[in-house]
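Since the model is a prediction, treat every value here as computed from it, not as a measurement. Throughout, protein chains are lettered first and strands after them, A, B, ... in sequence-line order, and every chain is numbered starting at 1.
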Amino acid sequence: QKEVEQNSGPLSVPEGAIASLNCTYSDRGSQSFFWYRQYSGKSPELIMFIYSNGDKEDGRFTAQLNKASQYVSLLIRDSQPSDSATYLCAVIKPGGSYIPTFGRGTSLIVHP
Amino acid sequence: DTGVSQDPRHKITKRGQNVTFRCDPISEHNRLYWYRQTLGQGPEFLTYFQNEAQLEKSRLLSDRFSAERPKGSFSTLEIQRTEQGDSAMYLCASSSSGGPNTGELFFGEGSRLTVL
């Protein structure tokens with residue numbers, strides 16, 4: 001089992017719809033969870049982070065964390081073609097070194 | 001703040017040659033990471049520094065790979081005797097230290113290596 005798992009996609013949604021991206025992690029003691037966006041040919045950039053169970057909203061983005069089920073999700077409301085990118089989930093495991101472990105990413109395509 | 005810069009952006013080399021990449025982190029960040037990314041995969045951790053100390057290295061980092069961060073400023077990643085399997089994007093990132101938000105990484109644009 002991989003430490004951080006994501007469906008590679010692509011996930012295709014129409015413009016204006018809600019895109020739901022999911023990530024599961026294997027280490028129950030993981031502490032912090034991050035979503036990065038990576039456009040084709042570019043480097044990852046941080047969108048959101050979440051530490052506590054529940055929802056965290058930032059503009060059109062909502063991160064959801066469920067530690068009991070070991071999953072974290074990212075919802076993108078009113079999806080735009082400019083949201084088309086790969087979304088990477090990153091997790092910090094327990095142990096003190098605070099090194100993010102990344103999933104393989106989910107490719108999102110928002111079509112007009 | 002000019003962000004994280006990496007040099008060169010692209011490197012094409014022949015198998016068996018040595019290559020070196022440089023990373024200049026955001027000046028106030030004391031943590032510096034090297035990751036490797038291949039097509040369709042997420043970034044894979046290679047090594048990280050806190051100030052000038054290299055505190056952790058991945059098992060992926062064979063003895064052909066070496067990284068330094070003299071004086072806790074810029075860092076170099078050297079690959080000796082390159083192999084075709086080393087072809088990848090090498091990403092450098094930096095962050096400030098201090099608790100769980102240390103995972104907020106700021107990435108450079110990457111150095112793409114092609115080994116022929």
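- Sparse packing is recorded around CZ of B:Arg15, with 12 or fewer heavy atoms of other residues, nucleotides or ligands lying under 6.0 Å away.
- Remark: A:Lys67 NZ is packed, more than 12 non-hydrogen atoms of other residues, nucleotides or ligands lying under 6.0 Å away.
- The residue among A:Cys89, A:Ser107, A:Pro44 with the most heavy atom pairs within less than 4.5 Å of chain B is A:Pro44.
- Interface remark: B:Phe107 contributes backbone and side-chain atoms alike to the contact with chain A (heavy atom separation under 4.5 Å).
- Environment of CG in B:Leu116: crowded, with over 12 heavy atoms of neighbouring residues, nucleotides or ligands closer than 6.0 Å.
- Proximity to chain A (any heavy atom under 4.5 Å) is shown, for B:Glu44, by neither the backbone nor the side chain.
- Of the two parts of B:Glu56, only the side chain, counted from C-beta on, holds a non-hydrogen atom closer than 4.5 Å to a non-hydrogen atom of chain A.
- Connection of A:Val13 to A:Leu74 is established within a shared hydrophobic cluster, with ILVMFWY side chains joined at heavy-atom distances below 4.5 Å, either directly or through further cluster members.
- More than 12 heavy atoms of other shown residues, nucleotides or ligands fall within 6.0 angstrom of atom NZ in A:Lys56.
- Interface remark: B:Leu55 contributes no atoms to any contact with chain A (heavy atom separation under 4.5 Å).
- Residue B:Glu68 places its CD atom among 12 or fewer non-hydrogen atoms of other residues, nucleotides or ligands, all under 6.0 Å distant.
- For B:Phe106, no part sits under 4.5 Å from any heavy atom of chain A, backbone or side chain.
- When heavy atoms are compared at a cutoff of 4.5 Å, A:Gln38 approaches chain B solely by way of its side chain, counted from C-beta outward.
- Under the 4.5 Å side-chain heavy-atom criterion for Ile, Leu, Val, Met, Phe, Trp and Tyr, A:Ile92 and A:Leu65 are members of distinct hydrophobic clusters.
- Interface remark: A:Tyr36 contributes side-chain atoms only to the contact with chain B (heavy atom separation under 4.5 Å).
- Closest heavy-atom contact between A:Leu88 and B:Gly42: CD2-CA, 4.0 Å.
- At a threshold of 4.5 Å between non-hydrogen side-chain atoms, the residues A:Ser43 and B:Val4 do not count as touching.
- Of all heavy-atom pairs between A:Phe102 and B:Pro43, the closest is CB-O, 3.6 Å.
- Note that the OG1 atom of B:Thr47 and the CD1 atom of A:Ile99 stand 8.0 Å from one another [nearest 0.5 Å].
- Contact of the A:Tyr98 side chain with the B:Arg31 side chain is registered, since non-hydrogen atoms from C-beta on lie closer than 4.5 Å.
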